[in-house]
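Single-structure report; data block below.
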Amino acid sequence: MLDKKYNAEEKENKWLNYWKENGIYNFKPDQREVFSIDTPPPTVNGKIHIGHIFSYSQTEMIARYKRLRGFNIFYPFGFDDNGLPSERLVEKEQGKKAHEIGREEFSKLCYETTDKYEEEFQELFSKMGVSTDWNIHYKTVSPSTIKISQRSFLDLINKGHCYHKESPALWCNECLTSIAQAELETKTIKTTFNYVNFKTVEDGEEFTIATTRPELLPAIVCVFVNPNDEKHNHLIGKTAHIPVIDVEVPIMADEKVAIDKGTGVVMCCTFGDQTDIEWWKKYNLPLKYIFTDNGRIIESVANYGGMKIKEARKQILEDLQAGGFVVKIEELEHEVQTHERCGKEVEYSVMKQWFIDTMNHKDDFIKIGNEIKWHPDHMHNRYNEWVENIMWDWCISRQRYFGVPFPVWYCKDCGEPIFATEEQLPVNPLTDKPVVDKCPKCSCTEFVPETDVMDTWATSSVTPLINMKYGEKNNYESILKPMSLRTNASEIIRTWDFYTIVKSFYHFGTRPWDNVMISGFVMANKGEKISKSKGNSKVEPMDAINQYSADVVRYWAGTGRLGTDIVFSDETLLRGKKLINKIWNVSKFIEMHLVDYEDKEFNNYEYIDKWILGKFQEMENGFLKYLDEYEVGLALNHLEKFFWNFCDNYIEIVKHRLYRPEEFGIEPRYSGQKTVYTILYKLLQDFSIFFPFITEEIYQELYKDNKSIHLTEIKPLEFNFSKEMESGDSIIDIISQVRGQKTINSVSLKTPVKDLKLSVNKDLKDAIESSIKDFSATLFIQNLEMNEVKNDYSIDNFELDFDLKD
RNA sequence: GGAUUCUUAGCUCAGUUGGUUAGAGCACCUGCCUUACAAGCAGGGGGUCACAGGUUCGAGUCCUGUAGAGUCCACCA
């Protein structure tokens, strides 16, 4: 028997253990078709927030749905524990920088710390009812992952898509590493726009340059004006004298200079921004790199050497002012590019780095993108936009410690890279040696290991490869190429989705998945994104689970449209709580009336039973259609609507028949039993996608025809009750009107109706006559008269039996 | 500046391919302790579907424009 009250905490723990002990979600290849899900390995940087719960739940629901449709679900969980996020977490916890701790010790701390958090993550996701097979979960720094990641790198090297080159790259002097374009975040900052006077060497003519970065004056290699700028084009070909720094540089022409921006005269440095790099390449300008890798001016710069960038900015500006070179200083708010991991402004650096070619195959990436179904469809645009606007090859070198090592050494003499062999993988060049004993190019016998590690995205972009055990024996390549579904939030389309496509294209020439499902964000308030810096997340996932139960939190996560942002709302949680409570109560009611029930073939359904069976069938078809489009929220909404109709209308009608077989007959009662038995079973299946716990509890108590409701299969009904469905709706409408009359008269709904006269059309008259006992019992009608009219229907007379009230 | 989504009841949101009087929950008001459920049931009030045009027999739904908001990207000398 179901308990009087549902104890969520107790039952949820019970079923978690049961699922685990019985391996309900374990993956084993068999004859069934595989549905595979490439779910994001969460970054192990300390906290799972409510946004994770939201998007992971939506993915999870798809896993459950596909399982119920007979697919063999391959749904491994992973943790993205390598790279900068983990390092920053450790640095924060230790209160020390990585280089202060030492490479080896620091790596150890990283492993320990990520292990600790992964346990917490796993517990939280388990508690949410994530139906993953924890036996096949992966980490992005385990030996097997490192092996696959290095194998991927070597394959790209062999195919010529990956190269080592000295080139300007984005540099973070907080994290002391190069970074990729995708890791940039634009931020608005306040600064000053400084108008500085320069002079031509030839005739001493003054002209003004506006700059936000006077500290770059020592790095100026030339000055540009637009050849069409009538005010300034006479300067072209002359020489500019840089004030304070006392250096002379040429004045050159380039049409990229905007005449109306600033003063129309631009200083070009190596490197202040992207345009500087372009000009540097285009005009073969000299390199005057003046920053150290930790954000200071290099010692060789007179007067300012050794200063931090911002100190130098202030000092140079003061010196310019003192020399009378500053015309004016304007307050300015503008956007700067910062590193998303630390929020610090990025600079540019020149060093040898490993790059993956992303610029030469844009068309192919677009083509692959077109082969994938994006849900919702418009997210495809974001992908295309990004690919079209890429300006850099993908720099995958990071001058850090905790990550996948490059399987590379360099010849000490000639610098020739020596790659590890397949047999050596996984390899750590710092402790391992190359198999060759001399450089194939210059025969030198000494090698220098690569100390850089790979960018975290370089590894997370191979999750499909990790899943299919790329290049290993007994791999899953045949069943996971491509995978069925990738899911993630919209913010990482440009990174995770894009890079995964890049890798898949280079390795196999094919798409990595058939479908991509993009979830929205959880907003703190309407129009306000949850951000760590603001600390505006209003709820901790664990608190929400403890307060409301995992099923209820899942309800919240399962509402709303795919790809649409959602606000965390107590109202929605309350609504879920009520729904779950209702499922419990109606199940209790149905259980009560099934004690003597035996399931057998039966076709002689009562009219109103046909109505609800037909309605269910219609609802479920729509429900399944939504889910096939990955619209979990719309599916839930649709199901919920039916469910309340089922409870408030159908159950209220059928209960009389279930209670009083002596009055209604054994067979009509059986018809009702069979109907509630059938519909509840299917409702539980449908709801189990969203509420895996409570539905399991009820299923195990009432049905138990399998080890778990989650291993059953949804088989749509195949009735043809369209006539009953239409007239049944009219009957419900009349019932509703009569109830309304009772309420208006302030009497209880069981107050008898002495006399009811209806005008109804032929179909409805037949329908009511076919269900006359149910109809009269539901409304407590003593005397009913029906007058047949052409169309429509109305209540002509309504009389209550007040004597019988109470 | 480019792309994209959104604007529906006081609040949070639904509204399949255009089809009669626009829906739900919360809040508010009224009635009902009815043998599953008062965390319930029955009912009620409340909307120029952002605004302006257009297509159509018919527009919340399609098209164009305007305003506002979110997100992504770019610019940032």
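- Both Gly740(A) and Gly262(A) lie close to RNA chain B; mapped to their nearest nucleotides by heavy-atom distance, the more 5′-ward contact belongs to Gly740(A).
- Between C13(B) and Thr559(A), no contact under 4.0 Å exists linking OP1 or OP2 to a side-chain N or O.
- Comparing C37(B) with A14(B), their P atoms sit 34 Å apart, to the nearest whole Å.
- Residue Ile566(A) is classed as having no contact, given no heavy-atom separation below 4.0 Å to the nucleic acid.
- Salt bridge annotation for Asp596(A)-Arg669(A): present, with a cationic side-chain nitrogen under 4.0 angstrom from a carboxylate oxygen.
- Counting non-hydrogen atoms under 4.0 angstrom, Arg561(A) reaches the backbone sugars and phosphates but no base.
- Atom CG of Asn389(A) and atom P of G1(B) are 17 Å apart (whole Å).
- Within residues 263-277 of chain A, the residues that place at least one heavy atom under 4.0 Å from RNA chain B are, in residue-number order, Val266(A), Met267(A), Thr275(A).
- Nearest-nucleotide assignment on RNA chain B puts the 5′-proximal partner with Arg660(A), out of Ile744(A) and Arg660(A).
- Atom P of nucleotide A77(B) and atom CG of Leu217(A) are separated by 14 Å, given to the nearest angstrom.
- For His339(A), there are no side-chain hydrogen bond (donor to acceptor under 3.5 Å, both in side chains) partners, not counting sequence neighbours.
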For RNA chain B, the dot-bracket notation using Watson-Crick and G-U wobble pairs below 3.5 Å, [ ] for pseudoknot-type crossings and | for other-strand pairs, is (((((((..((((.....[...)))).(((((.......))))).....(((((..]....))))))))))))....

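- Salt-bridge annotation for Asp3(A) and Lys11(A): present, with a side-chain N of the basic residue lying under 4.0 Å from a carboxylate O of the acidic one.
- Under 3.5 Å, the side chains of Asn194(A) and Thr192(A) contain a donor-acceptor pair of N or O atoms.
- Going from the P atom of G23(B) to that of G45(B) covers 12 Å, rounded to whole Å.
- Less than 6.0 angstrom separates the ring centroid of Tyr677(A) from the ring centroid of Tyr703(A).
- The side-chain hydrogen bond (donor to acceptor under 3.5 Å, both in side chains) test applied to Asn645(A) returns Asn649(A), not counting sequence neighbours.
- Ionic pairing of Arg213(A) and Asp273(A) is not present here: no N-O contact between side-chain nitrogen and carboxylate oxygen is shorter than 4.0 angstrom.
- Nucleotides G68(B) and A52(B) are separated by 15 Å at their C1' atoms, to the nearest Å.
- Using a 4.0 Å heavy-atom distance criterion, Arg382(A) is classed as a base contact.
- Across all strands, Trp584(A) comes closer than 4.0 Å to no nucleic acid atom at all (heavy-atom distances).
- With respect to Lys582(A) and Glu640(A), no salt bridge is recorded, no charged nitrogen being found less than 4.0 Å from a carboxylate O.
- Residue contacts for Glu591(A): at a heavy-atom cut-off of 4.0 Å it reaches no nucleic acid atom on any strand shown.
- Ionic pairing of Lys577(A) and Asp551(A) is not present here: no N-O contact between side-chain nitrogen and carboxylate oxygen is shorter than 4.0 angstrom.
- Taking atom C1' on both nucleotides, A9(B) is separated from G46(B) by 6 Å, rounded to a whole Å.
- The residue Lys588(A) sits close only to the backbone: its heavy atoms come under 4.0 Å of sugar-phosphate atoms, none of a base.
- Tyr626(A) comes within 4.0 angstrom of a base, heavy atoms only.
- When the C1' atom is compared between A59(B) and U20(B), the two are found 14 Å apart, to the nearest whole Å.
- Residues that satisfy the ring pair (Phe, Tyr, Trp, His ring centres under 6.0 Å) test with Tyr348(A), not counting sequence neighbours, are absent from this structure.
- Put simply, Ser746(A) has no side-chain N or O that comes within less than 4.0 Å of OP1 or OP2 on U30(B).
- U17(B) sits 12 Å from C63(B) when the P atoms are compared, rounded to a whole Å.
- If you take atom P in U61(B) and the same atom in G15(B), they sit 14 Å apart, rounded to whole Å.
- Taking the six-membered ring where the residue is Trp, the centroids of Phe642(A) and Phe616(A) are separated by under 6.0 Å.
- Here Met379(A) lies out of heavy-atom contact (under 4.0 Å) with every strand.
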Heavy-atom contacts, protein to nucleotides 17-29 of chain B, under 4.0 Å, summarised as B (base), S (sugar-phosphate only) or - (none) per nt, yield -------BBS---

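- Put simply, CZ on Phe646(A) is 14 Å from C1' on C37(B), counting in whole angstrom units.
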